[in-house]
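In what follows, a single structure is set out as structure tokens and then discussed.
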Amino acid sequence: MMTQNNWLEKMNLDHPLVIAGPCSAETEEQVLKIAHDLAKTDATVFRAGVWKPRTRPGNFEGIGALALPWLQKVKEQTGLLTAVEVANANHVKLALEHDIDILWIGARTTVNPFAVQEIADALQNTDKIVLVKNPINPDLELWIGAIERIQKANIKNVGAIHRGFSTYQKTKYRNNPNWQIAIDFKNRLPEVPLINDPSHICGNRENILDVSQMALDLQFDGLMIETHHDPDNAWSDAKQQITPVRLNEITDLLKVRKSSFEKENSLKKLEVLRDEINEIDASLIQLLANRMAISQKIGIEKKAQNVAILQPERWNELLQERIEKGDKIGLAKGFMEKIYKAIHQESIKIQESVISGK
Ligand code: PEP
Ligand code: MN
């Protein structure tokens, strides 16, 4: 349920909050075109990245402060509130000078307590809304710690954005939702509005509706969805942005469920657990493939050195070590033995085909 008397409650919306807008501000025309299109949707807030945290150098790193007056025009012309990402004290200063309404801390910044503290100090006593994205690593305490730093700077209008978590394994998501962390967040800080960012969770357009519905079913208070009039030609995150028309369709299709019947609740719990199983299985499958690829490399080495495939001593040691390791964390010995024998057999098969050249 929505919390009482916070900044979101005061907006008096009859639906979950929608924050929409492009990943990046690109040109004044692009910003204003998208904003005018969004003014006809459920969106209340216009988002646009001005300083973009890119994983590797050489990509578009944002227009910078030049775009801030464009956002002022958005507010004047459409009445939408404006939101940008800030990552240091200078960003905060510039955003405040341009009367930006909402400042959000990005996932790569939340991981760094020095950076969060610098931002909190620069924002001290502000009545602006400050949203804190989850850190890229699945660490609830780090997320809560960042929120506490903001709250300690006497900032009352605080919220959180769940945008998923990085993993090395490929899954169907760009960032794993790890819904349980969001559920735990809600339990720990029930007074802090929680917004879901399906765009950065999905990394594609196709799953935005399902992830948004899941978020609403878990009683999130709003959605932040990257929206662009020409997504394919966006300068960043082209694959995941949707058009304002599609945003409208999605908000029409979303079901906001107010009641929390026992049955529905337990179905949701099951869905969260199944989602976790799906993610773990995706990791397991990827890990098995990684392991087999290494077996193959070993096969190549054995062939070069003319060494036999089966090394009974190494195999026996490995098997016993794995069985014990599993046993220590509650996995049945017989189960571990079966799994490892199956893996080993497959490794041998792969090495055999390397050596025989088939
Ligand atoms: C963004 O919202 O454009 C962004 C960079 O997101 P995140 O910090 O979640 O990666
Ligand atoms: Mn983005």
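All ligand and atom numbering here is 1-based and tracks the order in the structure. As a basis for the values below, the full set of heavy atoms in this structure was taken, side chains included, without hydrogen atoms, waters or symmetry mates.
- Nearest protein heavy-atom neighbour of atom 4 (C) of ligand 1: His200 NE2, 3.5 Å.
- In summary, the atoms of ligand 1 found under 4.0 Å from a heavy atom of Ala107, numbered by their order in the structure, are 8 (O), 9 (O).
- For Phe185 and His162, the distance between ring centers is not under 6.0 angstrom.
- No side-chain N or O of Gln219 forms a donor-acceptor pair with one of Lys186 less than 3.5 Å apart.
- For the Mn ion (ligand 2), the nearest N, O or S atom contributed by Asp237 is named OD2.
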- Query: Given the rule in the side-chain contact (heavy atoms from CB on, under 4.5 Å) test, do Asn175 and Ser166 qualify, once you have shown the distances and angles that lead to the verdict?
  - Reply: CA-CA 5 Å; Asn175 292 291; Ser166 278; 3.9 Å; yes
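- When all heavy atoms of Ala160 and Leu131 are compared, the closest pair comes out as N-CD2, 4.4 Å.
- The protein heavy-atom contact nearest to atom 5 (C) of ligand 1 is Glu85 OE1, 3.6 Å.
- The line from CZ of Phe60 to CG of Asp237 is 11.5 Å long, rounded to the nearest 0.5 Å.
- If you look at His200 and ask which of its N, O or S atoms sits nearest the Mn ion (ligand 2), the answer is NE2.
- When only interatomic distances are considered, the shortest N/O to N/O separation between Arg108 and ligand 1 falls below 3.5 Å.
- To the nearest 0.5 Å, atom CE of residue Met224 and atom OG of residue Ser199 are 9.0 Å apart.
- Looking at ligand 1, you won't find any N or O of Asp197 less than 3.5 Å from one of its N or O atoms.
- At a 4.0 Å heavy-atom cut-off, ligand 1 touches Lys52 through the side chain alone.
- Each of the following atoms of ligand 1 lies closer than 4.0 Å to a heavy atom of Gly106: 8 (O).
- For atom 6 (O) of ligand 1, the nearest protein heavy atom (residue, atom name, distance) is Lys133 NZ, 2.9 Å.
- Close contacts between ligand 1 and Arg163 involve ligand atoms 7 (P), 9 (O), 10 (O) [criterion: under 4.0 Å to a heavy atom].
- Sorting the N, O or S atoms of Glu226 by how far they are from the Mn ion (ligand 2) puts OE2 first.
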- Task: Give the intermediate values and the outcome of salt bridge (Lys or Arg N to Asp or Glu O under 4.0 Å) for residues Lys133 and Asp197.
- Result: CA-CA 9 Å; Lys133 284 199 169 195; Asp197 171 349; 2.8 Å; yes
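- Of the possible donor and acceptor atoms, none in the side chain of Asn176 sits under 3.5 Å from a partner among the backbone N and O of Asn178.
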